[in-house]
Visitor: 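Sharing a structure here in structure tokens format.
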Amino acid sequence: MFKPVNEQMEYLRKGCVEIIQEEELKAKLERSLKTGRPLRVKAGFDPTAPDIHVGHTVLLRKMKHFQDLGHDVIFLIGDFTGLIGDPSGRSAARPAMTRGEIAKNAETYKTQIFKILSPETTIVDFNSRWLGALSSFDIINLTAKYTVARILERDDFSKRFREGLPISVHELLYPLMQAYDSVALAADIELGGTDQKFNLLVGREIQREFKQEPQVVMTMPLLEGLDGVEKMSKSLGNYIGITEPAGEIFGKIMSISDPLMFRYFELLTDVPARQIAEWKSEIRDARINPRDLKVDLAKQIVRDFCGAAEAERAVADFERIFKHKEIPTDLDTIEILEKAAGTGQGGRKPSKPLIDIMMEMNIFPSRGEAKRVIQQGGVYLDGERVSDISRELDIARPEEHVLKVGKRKFYKFIVRISG
């Protein structure tokens, strides 16, 4: 049984940047309520990388909202359009991917999305099913339904055209192919990031050309990364991967700013907008501690991706590490074997440079990076800050040591002399 339209609209507006057109969405929901037919909600994902970070889940969560309301959601894997590469926001053509790479990434997507979506009611489809079946005649017929002038209105294309940068013909096909997905699926609604607005609107036009009622377009914001400035991206290192360990996810959430915390509450949880507004007011009046809210946010996100038990454990470990200054309970001990030859010469006690130990443990990518972090005060050995980059460790007796790097990373190790 569907909820009243006004309740559905309030739930679906949360986190949206734009709904085109809102009155059309309301009309579709009213018709759905009257006929009992669920709406078909589509969101497409090109499998260009094997891992999904929480920025990608903004769309998944809006899909879940439609699922919660009883509508059909289609997670569309662009295994055909992935061969073209989405030109959105690009100053050059994307490198071509092989079918093998796309197929491998698509399989990982299918397992990761069900951390948010219901596997029982989610429709997973591949656009090669219909795009791969198009004949040359069909493709020419499709291209005849849109003009080059309209395609070049797109910001990234027009910018490249003005600057004399190359635009390949196959890139011009991408918006049309994505639009045809909506025709093939008879989509009532398509979701996408704000950078996808042009493509989503082309879908409306192409549906009209094929005598279908145009889809409603709902755009979602691009989630800021941990720095609160740049879009979340693996290449920028400001991301939270949904397959990362629970403790790592929890710690990263706790490191974000208070304003960004509310942004994450809005886009990465199902907390109602009214509750978020109330929390903001309570913080302004010093009635609640923002740290307590951040713990709750981190716990919710870890629970979504790692389960309730891991979320509770992450909270306990965080409190142990940062409130009580203790170390995690589940650290594995890394054993480092040092050859007897070359140690203890001249009657000196056997020792080993700490930087050598950290490099053998693959903690830093380079010795230069290790020295930089030590100089900035980011390395602790057995609870004491390491200030000397030439620090050596006495290894005459094999003792267990705990190394802390930065705020959240702990390593337990022991150096033994072999032979």
Visitor: Before accepting this row, confirm whether a basic side-chain N of the pair Glu369/Arg372 lies closer than 4.0 Å to the acidic partner's carboxylate O.
Guide: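 Salt bridge present between Glu369 and Arg372.
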
Visitor: Rounded to the nearest 0.5 Å, what separation is found between the NZ atom of Lys64 and the OG1 atom of Thr121?
Guide: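 One gets 10.5 Å once the value is rounded to the nearest 0.5 Å.
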
Visitor: Side chains of residues 279-289: which donor-acceptor pairs under 3.5 Å do they make with residues two or more places apart or in other chains?
Guide:
| residue | atom | partner | partner atom | Å |
| --- | --- | --- | --- | --- |
| Asp285 | OD2 | Arg287 | NH2 | 3.4 |
| Asn289 | OD1 | Arg291 | N | 2.8 |

Visitor: Considering only heavy atoms from C-beta outward, does the side chain of Gln21 approach that of Val216 to under 4.5 Å?
Guide: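 Not touching, per the 4.5 Å side-chain cut-off.
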
Visitor: How close do Gln212 and Ala186 get, heavy atom to heavy atom, and via which atoms?
Guide: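 Looking at all heavy atoms of both residues, the shortest contact is OE1-CA, 3.8 Å.
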
Visitor: Suppose we screen for ring-ring contact (aromatic ring centres under 6.0 Å, His included). Which residues come up paired with Phe114, at least two apart in sequence or across chains?
Guide: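 Not a single residue meets the ring-ring contact (aromatic ring centres under 6.0 Å, His included) criterion with Phe114.
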
Visitor: Verify the distance criterion only: is there a donor paired with an acceptor across the side chains of Asp181 and Gln178 at less than 3.5 Å?
Guide: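 Result is no, nothing qualifies.
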
Visitor: Quick check: does any side chain N or O of Lys404 sit under 3.5 Å from a backbone N or O of Lys409, one acting as donor and the other as acceptor?
Guide: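 No, because the side chain of Lys404 does not come within donor-acceptor range (under 3.5 Å) of the backbone of Lys409.
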
Visitor: What heavy-atom pair brings Pro221 and Gly15 nearest, and what distance separates the two atoms?
Guide: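 Here Pro221 and Gly15 meet closest at CD-O, 3.0 Å.
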
Visitor: Could you tell me which non-hydrogen atom of Ile240 sits nearest to which non-hydrogen atom of Met232, and how far apart they are?
Guide: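 Closest heavy-atom pair between Ile240 and Met232: N-SD, 3.8 Å.
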
Visitor: Could you grab the distance from atom CD1 of Ile301 to atom CD1 of Ile253, nearest 0.5 Å is fine?
Guide: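 Ile301 CD1 to Ile253 CD1: 3.5 Å, rounded to 0.5 Å.
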
Visitor: What distance separates Leu39 CG from Leu25 CG, expressed to the nearest 0.5 Å?
Guide: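 It is 7.5 Å, given to the nearest 0.5 Å.
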
Visitor: Tell me if the NZ atom of Lys115 is crowded by more than 12 foreign heavy atoms within 6.0 Å.
Guide: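 Yes, the 6.0 Å shell around NZ holds more than 12 heavy atoms from other groups.
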
Visitor: For the residue pair Asp188 / His71, report whether a side-chain donor-acceptor contact shorter than 3.5 Å exists.
Guide: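 No, no side-chain donor-acceptor contact under 3.5 Å.
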
Visitor: Can you see which heavy atom on Leu223 is nearest to which on Gly55, and at what distance?
Guide: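 Result for this residue pair: CD2-CA, 3.8 Å.
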
Visitor: Compare all side-chain heavy atoms of Arg416 with those of Ile414 and state whether any distance is below 4.5 angstrom.
Guide: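 The answer is yes; the side chains approach within 4.5 Å.
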
Visitor: Under 3.5 Å, sequence neighbours excluded: what are the donor-acceptor pairs made by side chains of residues 292-300?
Guide:
| residue | atom | partner | partner atom | Å |
| --- | --- | --- | --- | --- |
| Lys294 | NZ | Ile256 | O | 2.6 |
| Lys294 | NZ | Asp258 | OD1 | 3.1 |
| Asp296 | OD2 | Gln300 | NE2 | 3.1 |
| Lys299 | NZ | Glu312 | OE2 | 2.8 |

Visitor: Kindly state each residue pair satisfying ring pair (Phe, Tyr, Trp, His ring centres under 6.0 Å) with at least one member in residues 351-387, sequence neighbours excluded.
Guide: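 Matches after skipping sequence neighbours: none remain.
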
Visitor: Determine whether Tyr174 and Asn199 make a side-chain contact, defined as any pair of heavy atoms from C-beta on separated by less than 4.5 Å.
Guide: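 SC-SC contact between Tyr174 and Asn199 confirmed.
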
Visitor: Quick one: list whatever passes ring-ring contact (aromatic ring centres under 6.0 Å, His included) with Phe45, sequence neighbours left out.
Guide: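 Applying ring-ring contact (aromatic ring centres under 6.0 Å, His included) to Phe45 gives Phe75.
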
Visitor: Nearest heavy-atom pair of Ala179 and Ile206: which atoms, and what distance?
Guide: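 In this case the closest contact between Ala179 and Ile206 is CB-CG1, 3.6 Å.
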
Visitor: Do Leu381 and Leu393 touch side chain to side chain, with heavy atoms closer than 4.5 Å?
Guide: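 Side chain of Leu381 against side chain of Leu393, heavy atoms only: contact under 4.5 Å found.
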
Visitor: Could you please spell out the steps behind the side-chain contact (heavy atoms from CB on, under 4.5 Å) verdict for Leu403 and Phe410?
Guide: CA-CA 6 Å; Leu403 194 67; Phe410 289 82; over 6 Å; no

Visitor: Can you check whether Met220 reaches Arg61 side chain to side chain, under 4.5 Å on heavy atoms?
Guide: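 The answer is no; the side chains never approach within 4.5 Å.
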
Visitor: Applying side-chain contact (heavy atoms from CB on, under 4.5 Å), can you list everything that pairs with Arg162, at least two apart in sequence or on another chain?
Guide: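 Listed in chain order: Ser158, Lys159.
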
Visitor: Using 4.0 Å as the upper bound for N to carboxylate O, is an ion pair formed by Glu10 and Arg274?
Guide: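 Counted as a salt bridge, because a side-chain N and a carboxylate O are separated by less than 4.0 Å.
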
Visitor: Would a distance-only check, ignoring hydrogens and angles, find a side-chain to backbone donor-acceptor pair under 3.5 Å from Asn127 to Phe80?
Guide: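 Yes, Asn127 side chain to Phe80 backbone: donor-acceptor pair under 3.5 Å.
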
Visitor: Provide the full list of salt bridge (charged side-chain N to carboxylate O under 4.0 Å, His left out) pairs with a residue in residues 123-132, sequence neighbours left out, each pair given once.
Guide: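 As it turns out, the salt bridge (charged side-chain N to carboxylate O under 4.0 Å, His left out) pairs with a partner in residues 123-132, which skip direct neighbours, are Asp125-Arg129.
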
Visitor: What heavy-atom pair brings Asp79 and Ser128 nearest, and what distance separates the two atoms?
Guide: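 That closest heavy-atom pairing would be OD2-OG, 2.5 Å.
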
Visitor: Testing the 3.5 Å rule here: is there a donor-acceptor pair between the side chains of His53 and Glu244?
Guide: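 There is no such pair (donor and acceptor under 3.5 Å, judged by atom type) between the side chains of His53 and Glu244.
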
Visitor: State which residues pass side chain to side chain donor-acceptor pair (under 3.5 Å) with Lys352; sequence neighbours excluded, sorted by chain then number.
Guide: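 Applying side chain to side chain donor-acceptor pair (under 3.5 Å) to Lys352 gives Glu338, Glu360.
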
Visitor: Side chains of Phe66 and Leu191, heavy atoms from C-beta outward: is any pair under 4.5 Å?
Guide: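 In short, these two side chains touch, coming nearer than 4.5 Å.
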
Visitor: Run Arg303 and Glu310 through salt bridge (charged side-chain N to carboxylate O under 4.0 Å, His left out) and show every step you take.
Guide: CA-CA 7 Å; Arg303 185 173 61 236; Glu310 285 295 319; over 6 Å; no

Visitor: What I want to find out is whether Lys14 reaches Glu266 closely enough, with some N-O distance under 4.0 Å, to be called a salt bridge.
Guide: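 Salt bridge flag = no for Glu266 with Lys14.
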
Visitor: Is the side chain of Tyr411 donor-acceptor paired with the backbone N or O of Met358 at a distance under 3.5 Å, no angle test?
Guide: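 No; zero donor-acceptor contacts below 3.5 Å.
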
Visitor: Does the side chain of Gln67 come under 3.5 Å of the side chain of Thr122 through a donor N or O and an acceptor N or O?
Guide: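 Looking only at side-chain atoms, Thr122 and Gln67 do form a donor-acceptor pair, the distance falling under 3.5 Å.
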
Visitor: Listed by chain and number, what are the side-chain contact (heavy atoms from CB on, under 4.5 Å) partners of Ser255, not counting sequence neighbours?
Guide: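 Listed in chain order: Arg408.
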
Visitor: Hey, is the main chain of Tyr239 close enough, under 3.5 Å, to the side chain of Lys252 for a donor-acceptor pair?
Guide: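 Yes, because the side chain of Lys252 sits within donor-acceptor range (under 3.5 Å) of the backbone of Tyr239.
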
Visitor: Could you tell me whether the side chains of Tyr11 and Asp68 share a donor-acceptor contact shorter than 3.5 Å?
Guide: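 Checked: Tyr11/Asp68 side chains pair up, N/O donor to acceptor below 3.5 Å.
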
Visitor: What's the separation between atom CD1 in Ile374 and atom CG in Leu354, rounded to the nearest 0.5 Å?
Guide: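 The CD1 atom of Ile374 sits 5.5 Å away from the CG atom of Leu354.
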
Visitor: Quick check: does any side chain N or O of Ser32 sit under 3.5 Å from a backbone N or O of Lys28, one acting as donor and the other as acceptor?
Guide: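 No, Ser32 side chain to Lys28 backbone: no donor-acceptor pair under 3.5 Å.
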
Visitor: According to the ring pair (Phe, Tyr, Trp, His ring centres under 6.0 Å) rule, which pairs have a member within residues 385-408, sequence neighbours left out?
Guide: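 Sorted pair list: His401-Phe413.
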
Visitor: Listed by chain and number, what are the side chain to side chain donor-acceptor pair (under 3.5 Å) partners of Arg391, not counting sequence neighbours?
Guide: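 By the side chain to side chain donor-acceptor pair (under 3.5 Å) rule, Arg391 matches no residue at all.
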
Visitor: Okay, side chain of Gln8, backbone of Lys3: is any donor-acceptor separation there less than 3.5 Å?
Guide: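 Yes, the answer is positive, given that a donor and an acceptor are paired below the 3.5 Å cut-off.
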
Visitor: In Å, rounded to the nearest 0.5 Å, how long is the span from CG of Leu117 to OG1 of Thr57?
Guide: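 The CG atom of Leu117 sits 10.0 Å away from the OG1 atom of Thr57.
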
Visitor: Report the C-alpha distance between Thr219 and Gln196 in whole Å, list the side-chain angles of each, state the deciding distance to 0.1 Å, and finish with yes or no for side-chain hydrogen bond (donor to acceptor under 3.5 Å, both in side chains).
Guide: CA-CA 8 Å; Thr219 59; Gln196 286 286 308; over 6 Å; no

Visitor: Only counting residues at least two apart or in another chain, list the ones meeting side chain to side chain donor-acceptor pair (under 3.5 Å) with Ser182.
Guide: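 Residues passing side chain to side chain donor-acceptor pair (under 3.5 Å) with Ser182: Lys42, Glu190, Gln215.
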
Visitor: How long is the span from the CD atom in Glu22 to the CG atom in Leu12, to the nearest 0.5 Å?
Guide: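 Rounded to the nearest 0.5 Å, the CD-CG separation comes out at 10.0 Å.
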
Visitor: Could you check whether Glu18 pairs with Lys197 (Lys NZ or Arg NE/NH1/NH2 to Asp/Glu carboxylate O, under 4.0 Å)?
Guide: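 Looking at Glu18 and Lys197, the cut-off is met.
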
Visitor: Are the side chains of Trp130 and Val183 in touch, meaning some heavy atoms are under 4.5 Å apart?
Guide: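 The answer is no; the side chains never approach within 4.5 Å.
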
Visitor: Are Leu201 and Ile20 packed together at the side-chain level, in the sense that at least one heavy-atom pair is separated by less than 4.5 angstrom?
Guide: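 Yes, at least one pair of side-chain atoms sits under 4.5 Å.
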
Visitor: With a 3.5 Å distance limit and no angle check, can you tell me whether Ser257 reaches the backbone of Leu260 through a side-chain donor-acceptor pair?
Guide: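 Between the backbone of Leu260 and the side chain of Ser257 there is a qualifying donor-acceptor contact (under 3.5 Å).
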
Visitor: Determine yes or no for a side-chain-to-main-chain donor-acceptor pair under 3.5 angstrom, with Arg40 supplying the side chain and Ala187 the backbone.
Guide: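 Side chain of Arg40 to backbone of Ala187, a donor-acceptor pair under 3.5 Å: no, none is there.
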
